[in-house]
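Note sheet for the following structure.
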Number of protein chains: 2
Amino acid sequence: MAKPANRSRDAYHVGNLAPQLLAAARTLLEEVGPTKLSLRAVSERVGVSATAAYHHFQNRNELISHLAAQGFAELAAALQRACSNGSGLDRVRAGSLAYLHFARSNPALYQLMFGPEFTDEALIPALQRERLAAFGELKRMVAETLGQALDSSDVRKASVAAWSYIHGLTSLVIHGLLPGAADNSDEHFVERTLEGFAALAISCTTPIK
Amino acid sequence: MAKPANRSRDAYHVGNLAPQLLAAARTLLEEVGPTKLSLRAVSERVGVSATAAYHHFQNRNELISHLAAQGFAELAAALQRACSNGSGLDRVRAGSLAYLHFARSNPALYQLMFGPEFTDEALIPALQRERLAAFGELKRMVAETLGQALDSSDVRKASVAAWSYIHGLTSLVIHGLLPGAADNSDEHFVERTLEGFAALAISCTTPIK
DNA sequence: GACGCAATCTTAACAACGTCAAGATGACGC
DNA sequence: GCGTCATCTTGACGTTGTTAAGATTGCGTC
């Protein structure tokens, strides 16, 4: 085996290798999962040697960091698209749906975005930026729902709460931890959990007995 | 290097190797993180050859599956301990605190428990069982909070909502995604998010204007 | 009490991985 | 036309999970 790939004579000076690598990594990511994504496989798919990537990225971590950043950017865009109108509960519903839908459409990418590689604070600027932008979009949604300023105390608390909720639900759904009812649509999961919160809220504000 | 370890003459027939491997893996897990946990390092720490583990576990995945199962068991126990008394909001608070506290005390284990290795349904029975037990504990907490039967529709919805919330918050905290306020105690995170939910609930039940 | 079976652990090896060092290739300015 | 330098390649190293085959020993059987 070990064919020379399609790496024929004009393999040198490919040109825009970095975007090509990222694109190949993106599709390969969903094919093999976040942990099995290997630099060598990505290179081979592009038709380039195994070490070519090191002239465009410091290491594997930096490559997947850009994938993660890309994911946060797309998530932010999806949130913005979904929350442009509507009010109150409808806006929360729409945002949650968009969030869950994005993650279920790109499960491996979502797992990568919240993977253990990015736990420490040594992140590339792009990732940090896009992450903050995505959270900012969520905050904007909450702020408009509450009818308060972006930096109000309520908005800050409520947006972390909302992020916790939708990220948690998404994570559970993606990992297949929610015993599959017949209907496992995005709408179903969001609607049922929102109803669940309502039941909890009622029961907590009006203590039993 | 490559010392013969403490693997002296009576290395054969160690006896209870499986528990020893699990224990070593457990401590090593928190030292190096969930992704860098290698079978070889675990074996070396126990003082046994690299392939000895294969006589007790099918592969690396089965070993870490047992770690994950162990984690869910401990989480369930912590929840049970925390939610034995109190009522209404206090019970939710106590359960959330216990959950978050467990995860922050064992961050690598928690990441492992919800890691991408266990996404598919091909799980060892122990993991599936302990997972369900932990979720059952959460459900019990919610049921007693709502004052309803364990299998009621409200309880099912609300417990998934509660799990989503606390798992999401925990995940965000562990990954360091919540911009650090001065106070980053468990109590602070739980209290603020619960207040956030309250704000959202009020604003959603009483639509603005 | 010797024998042999089977469980237990070993050494040796393989393929795949991330990564480094050194060399080949060719675009582009002088 | 020539040198420079970014770009890409080959080759290698150490580490990983995992398999195959051999060594060691506890334990039941005659």
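Lettering of chains follows the sequences in order, A, B, ..., and the numbering in each one begins at 1.
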Going by number, which of [range] have a non-hydrogen atom under 4.0 Å from DNA chain D?
| range | answer |
| --- | --- |
| residues 108-117 of chain A | none |
| residues 22-40 of chain A | A:Arg40 |
| residues 57-66 of chain B | B:Asn59, B:Arg60 |

[N] [atom2] sits how many Å from [X] [atom1], rounded?
| X | N | atom1 | atom2 | result |
| --- | --- | --- | --- | --- |
| A:Glu44 | D:dT9 | CD | P | 12 Å |
| B:His56 | D:dT18 | NE2 | P | 16 Å |
| A:Leu17 | D:dC8 | CG | P | 4 Å |
| B:Leu21 | D:dG17 | CG | P | 13 Å |
| A:His55 | C:dT19 | NE2 | P | 14 Å |
| B:Asn16 | D:dG26 | CG | C1' | 15 Å |

Side chain proximity check, A:Val142 to A:Val92, heavy atoms < 4.5 angstrom: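 Of all side-chain heavy-atom pairs linking A:Val92 with A:Val142, none is under 4.5 Å.
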
Taking the side chain as every heavy atom from C-beta outward, state whether A:Arg104 and A:Asn184 have any pair of such atoms under 4.5 Å apart.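 They are in contact (side-chain heavy atoms under 4.5 Å apart), so the answer is yes.
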
One should read off an interatomic distance between B:Arg91 CZ and B:Ser96 OG, to the nearest 0.5 angstrom, of 12.5 Å

Picking from D:dA20, C:dC9, D:dC8, which would you name as closest to the side chain of B:Thr51? D:dA20

Where at least one partner belongs to residues 70-81 of chain A, residue pairs that pass side-chain hydrogen bond (donor to acceptor under 3.5 Å, both in side chains), sequence neighbours excluded: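 Passing the test, one end in residues 70-81 of chain A: A:Arg26-A:Glu74.
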
Residue pairs involving residues 169-178 of chain A (criterion side-chain hydrogen bond (donor to acceptor under 3.5 Å, both in side chains); sequence neighbours excluded): A:Ser171-B:His167

Would you please say whether a donor-acceptor pair under 3.5 Å links the side chains of B:Asn61 and B:Glu117? no

Without hydrogens or angle criteria, can the side chains of B:Tyr110 and B:Tyr99 be said to hold a donor-acceptor pair below 3.5 Å? yes

Distance-only, no hydrogens or angles: does the B:Glu62 side chain make a donor-acceptor pair with backbone N or O of B:Ile124 under 3.5 Å? no

Are the side chain of A:Ser152 and the backbone N or O of A:Val155 linked by a donor-acceptor pair below 3.5 Å? yes

Could you walk me through whether A:Arg60 and A:Leu37 satisfy the side chain to side chain contact (heavy atoms under 4.5 Å, CB included) test, starting with their C-alpha distance in whole Å, then the side-chain angles of each, then the deciding distance to 0.1 Å, before giving a yes or no? CA-CA 10 Å; A:Arg60 183 194 123 109; A:Leu37 180 67; 4.3 Å; yes

Show which side-chain atoms of residues 127-137 of chain B pair as donor or acceptor with protein atoms under 3.5 Å away, not counting sequence neighbours.
{"from": "B:Arg131", "atom 1": "NH2", "to": "B:Phe118", "atom 2": "O", "distance (Å)": "3.4"}
{"from": "B:Glu137", "atom 1": "OE2", "to": "B:Arg140", "atom 2": "NE", "distance (Å)": "2.8"}
{"from": "B:Glu137", "atom 1": "OE2", "to": "B:Arg140", "atom 2": "NH2", "distance (Å)": "2.7"}

